[in-house]
Participant: 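Could you have a look at this structure, given as structure tokens, before my questions?
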Amino acid sequence: MNYTILRTGDRIGTTKLRQVADASREPHVWIKSGYCVKNGETVTAIHKDASFTWVRCANGEEGFVRTAYLCNSTIASGPAFRCGLLADLQYADCDNVNGRHYRDTLKVLDRAVDFFNQYAPLAFVAHVGDLVDIRNTFRDSGRASRLALRAVMEGGNGLRGLCAMRTDKLVCLIGNHELYNFPRTGVDRQEQPKPTPLAAPPFADDNNCTYYSFVPAAGWRIVVVDSFIECACADGRFTEKAKANDAKRRYEAAKEAAKPNALPPEARRFYDEAKNAYDMNGALGEKQLEWLQDTLRHSMSVGERVLILSHALFMHASEDQCYNLAWDYDSVLELLASDDGKCVVACLHGHAHAGSVLTDARGVHHIVLETPMFCREADGEGQGECGPFVVLEAHATHLVLKGYGNRRGHPKSRSPLFGDKPNGLSDPPGELVLPLVVQGVSSEG
């Protein structure tokens, strides 16, 4: 018996079990319970009959599905590459505030590095934005920020040590908290020289560009975007706040006057009563969007599958996440929905803290990683939590996320990545399988 993963190629995302190997949709074809198998569900293949396979589901239900909907399990073949992922570490040497454990994030980082090393070699390790927290800036004019970044990179199982020993590449995206702590360029507001880590690796490529792409394995491309090229904190805290607020005010004035078509271009992109028009968000900007389109067009032409890394979100899975969308999220989604965007299989984000997994109508997975700030260390109430952090395995037919989420530590009681699975220090990692849609496969009939 072979364990396989079911996936369909349409918007429905499920297929109903049949009691006969018949392509008809007549009532007698379906099993009596009417059970539908979801995309990504692991089933056991019992026997094959023409273009159908009899499968057994985890809940005991059995029936026929189209053989074309089945792909190999993670056991059957190795991944094209593996990578380590975490986001929103937001380290600061300060006391806990509102359930945020700033100092303890270094302990989570230590455990993440140990976990990543179990899957070495990794093609890369990525921190998807907000490596150090804004609270470092409350202490002094820059020394606390530099010490916090050094602690993350060099201390204990620091990221640089991991990069040097067990992985080929370290990628750190720029988030809003990087820009609260450091200037984007090497000068301050008075055009005086000011050292910044954001103009060089691992926050930029070898050409000091903060958006770029690379190939982790044949047939795959990682696209790193900078979702804060346009923002209200380009060279330190809120240097362009007035500009962002002005666009927001004009949006609200137009909405109040019930003239949505009269919105100016720079305000029209703000979403749902200006919910993403916040200083903590930013935009890719026209130049980067053009580069992104060219990059995706190239990947389409050579048959590459693409993973996009961006701190700010492009889609939201809940009302709360409206506040974390990139200012020009709509332009990105328009690109992903175009012919050039068909190569994109997933977008990985930070920024929203609680995390989520959302699959759009095209089958693109929008994954938000959880923050370690809410992870609880061991105390008198019981064992501590392990994560959150994730190893991603990229297969030809599916992605596999292995790791730990915030089950107990975050105000929301379950991990969006791994559900109610225990997250203790002694618990095994959780696993989430995300099928990759194969164009042209239909689940009808």
Participant: Looking at S338 and L335, would you say the former's side chain and the latter's main chain have a donor-acceptor pair under 3.5 Å?
Facilitator: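 Checking the backbone N and O of L335 against the side chain of S338, a donor-acceptor pair under 3.5 Å is found.
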Participant: Are any of the side-chain heavy atoms of R221 and H298 separated by less than 4.5 Å?
Facilitator: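 Yes, at least one pair of side-chain atoms sits under 4.5 Å.
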Participant: Walk me through it: do H349 and N324 pass the test side chain to side chain contact (heavy atoms under 4.5 Å, CB included)?
Facilitator: CA-CA 10 Å; H349 306 276; N324 302 111; over 6 Å; no
Participant: Provide the closest heavy-atom pair for A312 versus S227 in the form atom of the first, atom of the second, distance.
Facilitator: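 So the minimum-distance heavy-atom pair works out to N-OG, 3.1 Å.
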Participant: Using the rule side chain to side chain contact (heavy atoms under 4.5 Å, CB included), only one of V433, L432, L307 pairs with L399; which is it?
Facilitator: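 The passing option is L307.
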Participant: Using the six-membered ring wherever Trp is involved, compare the ring planes of F81 and W220 and label them parallel, tilted or perpendicular (cut-offs 30° and 60°).
Facilitator: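 Geometry flag for W220 against F81: perpendicular rings.
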Participant: Salt-bridge test for D95 and R103: reply yes if a basic N is under 4.0 Å from a carboxylate O, no otherwise.
Facilitator: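 Between R103 and D95 there is a salt bridge, with a charged N closer than 4.0 Å to a carboxylate O.
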Participant: If we only count heavy atoms from C-beta on, is the T397 to L436 side-chain gap below 4.5 Å?
Facilitator: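 No, every pair of side-chain atoms sits at 4.5 Å or beyond.
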Participant: So that I know where these two stand, are F182 and F203 an aromatic pair - ring centroids less than 6.0 Å apart?
Facilitator: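 That pair fails the under 6.0 Å test.
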Participant: Within this structure, what is the SG-CG distance for the pair C343 and L336, rounded to the nearest 0.5 Å?
Facilitator: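 Spacing of SG (C343) from CG (L336) equals 9.0 Å.
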Participant: Which residue in the set V152, T105, D130 passes side chain to side chain contact (heavy atoms under 4.5 Å, CB included) when paired with Q90?
Facilitator: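 That would be D130; it is the only one of V152, T105, D130 passing the side chain to side chain contact (heavy atoms under 4.5 Å, CB included) with Q90.
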Participant: How far apart are the closest heavy atoms of D133 and A92, and which atoms are they?
Facilitator: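 Between these two residues, the closest heavy atoms are CB-CB, 4.2 Å.
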Participant: Going by the side chain to side chain donor-acceptor pair (under 3.5 Å) test, name the single residue among H311, E230, H351 that passes it with N281.
Facilitator: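 So the option named by the test is H351.
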Participant: For the CD atom of E370 and the OG atom of S356, what is their distance to the nearest 0.5 Å?
Facilitator: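 The CD atom of E370 sits 9.0 Å away from the OG atom of S356.
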Participant: If you take all heavy atoms of V108 and P372, which pair is closest and at what distance?
Facilitator: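 Reported closest heavy-atom pair: CG1-CB, 3.7 Å.
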Participant: Taking the side chain as everything from C-beta on, heavy atoms only, tell me whether I308 gets closer than 4.5 Å to F314.
Facilitator: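 Counting from C-beta outward, I308 and F314 do come under 4.5 Å.
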Participant: Ignoring hydrogens and geometry, is there a side-chain-to-backbone donor-acceptor pair from Q288 to L284 under 3.5 Å?
Facilitator: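 Side chain of Q288 to backbone of L284, a donor-acceptor pair under 3.5 Å: yes, one is there.
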Participant: Are side-chain N/O atoms of H177 and N136 paired as donor and acceptor at under 3.5 Å?
Facilitator: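 Result is no, nothing qualifies.
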Participant: Begin with the C-alpha distance, continue with both residues' side-chain angles, and end with the deciding distance and a verdict on side chain to side chain contact (heavy atoms under 4.5 Å, CB included) for R150 and R146.
Facilitator: CA-CA 6 Å; R150 183 183 303 169; R146 293 191 295 273; 5.6 Å; no
Participant: K342 and R362: side chain to side chain contact (heavy atoms under 4.5 Å, CB included), yes or no, with the steps?
Facilitator: CA-CA 8 Å; K342 288 182 178 179; R362 297 286 294 271; 2.8 Å; yes
Participant: Of the non-hydrogen atoms in V128 and S310, which two are nearest, and what is the gap between them?
Facilitator: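 Shortest heavy-atom separation between V128 and S310 comes out as CG1-O, 3.7 Å.
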Participant: Rounded to the nearest 0.5 Å, what's the gap from CG on L131 to CG on L89? Could you check?
Facilitator: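 One finds 6.0 Å between CG of L131 and CG of L89.
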Participant: Report the C-alpha distance between V400 and E431 in whole Å, list the side-chain angles of each, state the deciding distance to 0.1 Å, and finish with yes or no for side chain to side chain contact (heavy atoms under 4.5 Å, CB included).
Facilitator: CA-CA 7 Å; V400 181; E431 182 171 310; 3.6 Å; yes
Participant: Ignoring hydrogens and angles, tell me if any N or O in the side chain of H365 forms a donor-acceptor pair with the backbone of L348 under 3.5 Å.
Facilitator: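 Not confirmed, H365 side chain does not pair with L348 backbone.
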Participant: Kindly compute the distance separating CG (D294) from OG (S213), expressed to the nearest 0.5 Å.
Facilitator: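 Here the rounded value is 11.0 Å.
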Participant: Grab the two heavy atoms, one from G350 and one from V368, that are nearest each other, plus how far apart they are.
Facilitator: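 What the structure gives for the nearest pair is O-CG1, 3.5 Å.
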Participant: Could K402 and Y119 be counted as a cation-pi pair, given that NZ or CZ must be under 6.0 Å from the ring centre and within 45° of the axis?
Facilitator: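 Checked: cation-pi criterion not met.
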Participant: Evaluate the side-chain proximity of F228 to N176: yes if any heavy-atom separation is below 4.5 Å, no if none is.
Facilitator: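 Contact flag for N176/F228 side chains = yes.
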Participant: Taking C-beta and beyond as the side chain, do P202 and M153 meet within less than 4.5 Å on heavy atoms?
Facilitator: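 Yes - at least one pair of side-chain heavy atoms lies under 4.5 Å apart.
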Participant: For the atom pair CG (D340) and CE (M300), what is the distance rounded to the nearest 0.5 Å?
Facilitator: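 If we round to the nearest 0.5 Å, D340:CG and M300:CE are 7.5 Å apart.
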Participant: Can you tell if the side chain of L106 reaches within under 4.5 Å of the side chain of D110, non-hydrogen atoms only?
Facilitator: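 In short, these two side chains do not touch, never coming nearer than 4.5 Å.
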Participant: Does any part of the side chain of L198, heavy atoms only, come nearer than 4.5 Å to the side chain of L179, both counted from C-beta?
Facilitator: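 Yes, side chains in contact.
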Participant: Any idea which heavy atoms bring L85 and F116 closest together, and the distance?
Facilitator: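 Between these two residues, the closest heavy atoms are N-CZ, 3.6 Å.
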Participant: Is the backbone N or O of G175 less than 3.5 Å from a side-chain atom of E178, with the two atoms forming a donor-acceptor pair by type?
Facilitator: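 Present.
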Participant: Rounded at 0.5 Å granularity, tell me how far CZ in R100 sits from SG in C94.
Facilitator: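 Those atoms lie 10.5 Å apart.
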Participant: Side chains of D93 and Y91, heavy atoms from C-beta outward: is any pair under 4.5 Å?
Facilitator: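 They are in contact (side-chain heavy atoms under 4.5 Å apart), so the answer is yes.
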Participant: Hydrogens and angles aside, do D88 and T371 bring a side-chain donor and acceptor to less than 3.5 Å of each other?
Facilitator: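 Result is no, nothing qualifies.
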